[in-house]
Amino acid sequence: MTWATLADVEAELALARREDDLDRFLGLLGDEELFVPIHRAEARQLAEQRTWSPAKVCCAHGGESSLQVFTRGALPDFGADVVFLSGDLDWATHGVAAGEQVVFNRGTLAEWRVAAAELLPWLAANPHRVTAVEQQVERLYTARYGLLDGPVAQSLACGAHQAVLSAEPWNVLDARYHDYVAEVRGLRDWWGVTDAASWRAAMDRLLGDSYQLTTGNLVLVLRARSGLALDPYGWVELIRQWCEDNDAPEQAGPLVDTMRRIVRYEQRFRADGLLAPDGAVDSIIGWDVGRAVELVRWGLAVGYCDAITAELMVLEAGAVARRYHASWAELATGYVLGRLLALDDEEFGSEYSSAVRVRHQLLTDPASPWSNLDFATVRPAS
């Protein structure tokens with residue numbers, strides 16, 4: 001396996017530190033998601049609130065009196081009682097007083113204690129060099145410290161589309177590399193998950209016996225099982241026959257509406273090169289797989305599952321992906337269609353363009369896991 005050169009911001013920061021180049025050092029930090037440690041109990045309290053919290057609410061740990069700020073790849077293990085919050089450089093330095101200092105990447109070759117007297121003027125003069133964390137999206141991030149081979153890496157790659165959209169490393173399964181409060185809130189607000197039991201139930205709905213067959217998946221299954229290249233009229237008749245056979249006449253309208261949306265999306269996919277001129281999408285389970293991998297990461301991050309359970313669930317997601325798709329391209333197209341059916345409402349707006357851009361990047365970039373890992377077979381770990 002030959003990976004393209006992987007980004008290593010920690011090495012670049014260490015070089016800037018060695019050369020005493022504070023401008024370059026801060027410029028690098030300005031384009032990164034930054035993390036600060038906080039006691040888990042305090043983070044739980046923050047998670048219940050819906051207000052913005054500055055980095056200075058976090059704990060100074062290990063006898064360090066200054067505010068500690070870390071890049072993702074430099075995050076230390078402070079033990080189970082300490083988690084992290086994250087944000088951009090403006091957030092991390094908000095409220096730092098004139099006589100204080102911030103210590104960046106403490107304990108690494110890039111450690112730099114920067115006085116507010118140097119830091120604050122730089123921020124005031126360089127607002128264009130700080131990327132807001134909500135704008136740090138669509139980044140293919142392969143972590144050097146993550147998994148690069150083997151069955152878990154291959155299964156994590158099945159969720160790469162979701163990871164790239166949110167600029168997270170696709171190949172890391174570790175509780176540390178997360179904003180604890182953001183993940184607790186996301187699980188609660190988007191998934192209704194508030195504890196280990198509800199997390200497990202959500203995973204079961206995506207991958208297990210309680211799998212929820214959406215209208216999109218149902219109409220695609222009906223077409224695929226027919227074995228025919230159905231025109232829209234034939235597809236409508238197939239759906240109506242299924243509703244009649246299953247004593248579900250009330251489902252005919254929603255199913256036909258979904259079928260028509262799929263027809264229009266497939267037409268656009270063919271025009272944009274996501275499908276061959278005569279191609280069709282057989283399954284959108286790739287959308288469920290991508291969300292399942294994300295849900296595993298979040299569950300591990302907030303303590304709703306342990307590392308072994310997380311790994312097993314990721315492997316199950318990979319197995320489901322291979323069961324219903326034959327290639328990375330097929331998985332990607334299924335993911336895109338599933339995402340659009342859930343979020344786009346045929347607007348062909350930002351949800352469409354971003355999903356298509358990420359699909360193209362993952363299929364063509366030499367640094368992509370899809371360029372370095374087989375889809376159907378797992379290479380043995382070296």
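Numbering starts at 1 and runs along the sequence shown. Both backbone and side-chain heavy atoms feed into the values below; hydrogens, waters and symmetry mates do not.
- The number of heavy-atom neighbours closer than 6.0 Å to CG of L109, taken from other residues, nucleotides and ligands shown, is 12 or below.
- For the pair E294 and R291, the salt-bridge criterion is not met [side-chain N within less than 4.0 Å of a carboxylate O].
- For R357 and E138, the salt-bridge test passes: some basic side-chain N is under 4.0 Å from an acidic carboxylate O.
- Below 30°, between 30° and 60°, or above 60°: for F269 and Y265 the angle between ring planes is between 30° and 60°, a tilted geometry.
- Classification of the F78-F70 ring pair by plane angle, with boundaries at 30° and 60°, yields perpendicular.
- Between the side chains of Y211 and D288, a donor-acceptor pair is found at a separation under 3.5 Å.
- D81 CG: 12 or fewer foreign heavy atoms inside a 6.0 Å radius.
- Here the closest non-hydrogen pair linking P369 and A160 is CG-CB, 4.1 Å.
- The nearest pair of heavy atoms linking L165 to A355 is CD2-N, 4.5 Å.
- Other residues, nucleotides and ligands contribute only 12 or fewer heavy atoms inside 6.0 Å of the CG atom of D247.
- The backbone N or O of T364 sits nowhere less than 3.5 Å from a side-chain atom of S368 that would complete a donor-acceptor pair.
- T71 and E32 share no side-chain donor-acceptor pair at under 3.5 Å.
- Between F84 and Y177, the distance from one ring center to the other does not fall under 6.0 angstrom.
- When only modelled atom types and interatomic distance are considered, E330 and Y324 share no side-chain donor-acceptor pair under 3.5 Å.
- Shown here is L213, whose CG atom has more than 12 heavy atoms of other residues, nucleotides or ligands within 6.0 Å.
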Run R139 and D31 through salt bridge (Lys or Arg N to Asp or Glu O under 4.0 Å) and show every step you take. CA-CA 11 Å; R139 295 183 178 184; D31 199 37; 2.8 Å; yes
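- For the atom pair L300 CG and T309 OG1, the distance stands at 9.5 Å (nearest 0.5 Å).
- Judged by distance alone, the side chain of W91 and the main-chain N or O of S53 form a donor-acceptor pair under 3.5 Å.
- Counting only distance, with no hydrogens or angles, the side chain of R270 and the backbone of G279 share a donor-acceptor pair below 3.5 Å.
- R268 contributes atom CZ, which lies 13.0 Å from atom CG of L275 (distance to the nearest 0.5 angstrom).
- With hydrogens and angles disregarded, a donor-acceptor distance shorter than 3.5 Å links the side chain of D365 to the backbone of A367.
- The existence of a salt bridge linking R264 and E266 is excluded, since no basic side-chain nitrogen approaches an acidic carboxylate oxygen closer than 4.0 Å.
- Cluster annotation: V281 is connected to Y335 through the hydrophobic network of ILVMFWY side chains, with a link wherever side-chain heavy atoms come within less than 4.5 Å.
- Under a cut-off of 6.0 angstrom, the local environment of CZ in R225 is sparse, with at most 12 non-hydrogen atoms contributed by other residues, nucleotides or ligands.
- Separating the CG atom in L140 from the CD atom in Q361 is a distance of 5.0 Å, to the nearest 0.5 Å.
- For the pair D23 and R129, the salt-bridge criterion is met [side-chain N within less than 4.0 Å of a carboxylate O].
- Atom-to-atom distance recorded for Q251:CD and R240:CZ is 14.5 Å, nearest 0.5 angstrom.
- In plain terms, the two heavy atoms of A47 and V184 that are nearest each other are CB-CG1, 3.6 Å.
- Between the side chains of T131 and Q136, no donor-acceptor pair is found at a separation under 3.5 Å.
- A salt bridge does not link D204 with R200: every distance from a Lys NZ or Arg NE/NH1/NH2 to an Asp or Glu carboxylate oxygen is 4.0 Å or more.
- Distance alone, capped at 3.5 Å, is enough to place a donor-acceptor pair between the W328 side chain and the L373 backbone.
- Using modelled atom types and a 3.5 Å distance limit, the side chains of N105 and W112 yield no donor-acceptor pair.
- Connection of V133 to V130 is not established within any shared hydrophobic cluster, with ILVMFWY side chains joined at heavy-atom distances below 4.5 Å, either directly or through further cluster members.
- R322 and D374 are not joined by a salt bridge, as no carboxylate oxygen comes within less than 4.0 angstrom of a charged side-chain nitrogen.
- Proximity of the aromatic rings of W190 and W298 is defined here by a centroid distance below 6.0 angstrom, and this criterion is met.
- Distance CG/L331 to CG/L363: 9.5 Å, rounded to 0.5 Å.
- For the pair W199 (side chain) and L295 (backbone), a donor-acceptor distance under 3.5 Å is present.
- For the atom pair CZ of R24 and CZ of R17, the computed distance is 15.0 Å after rounding to the nearest 0.5 Å.
- Under a hydrophobic clustering in which Ile, Leu, Val, Met, Phe, Trp and Tyr are joined whenever their side-chain heavy atoms come within less than 4.5 Å, directly or via other members, L222 and L337 fall into the same cluster.
- One N or O on the side chain of R297 and one on the backbone of W170 form a donor-acceptor pair closer than 3.5 Å.
- Taking hydrophobic clusters as Ile, Leu, Val, Met, Phe, Trp and Tyr residues chained together by side-chain heavy-atom distances below 4.5 Å, W242 shares a cluster with W235.
- Formation of a donor-acceptor pair under 3.5 Å by the Q68 side chain with backbone atoms of F104 is not found in this model.
- Note on V96 and V103: separate hydrophobic clusters, where clusters join Ile, Leu, Val, Met, Phe, Trp and Tyr whose side-chain heavy atoms are under 4.5 Å apart, directly or indirectly.
- Listed for the Q212 side chain is no donor-acceptor partner under 3.5 Å among the backbone atoms of R205.
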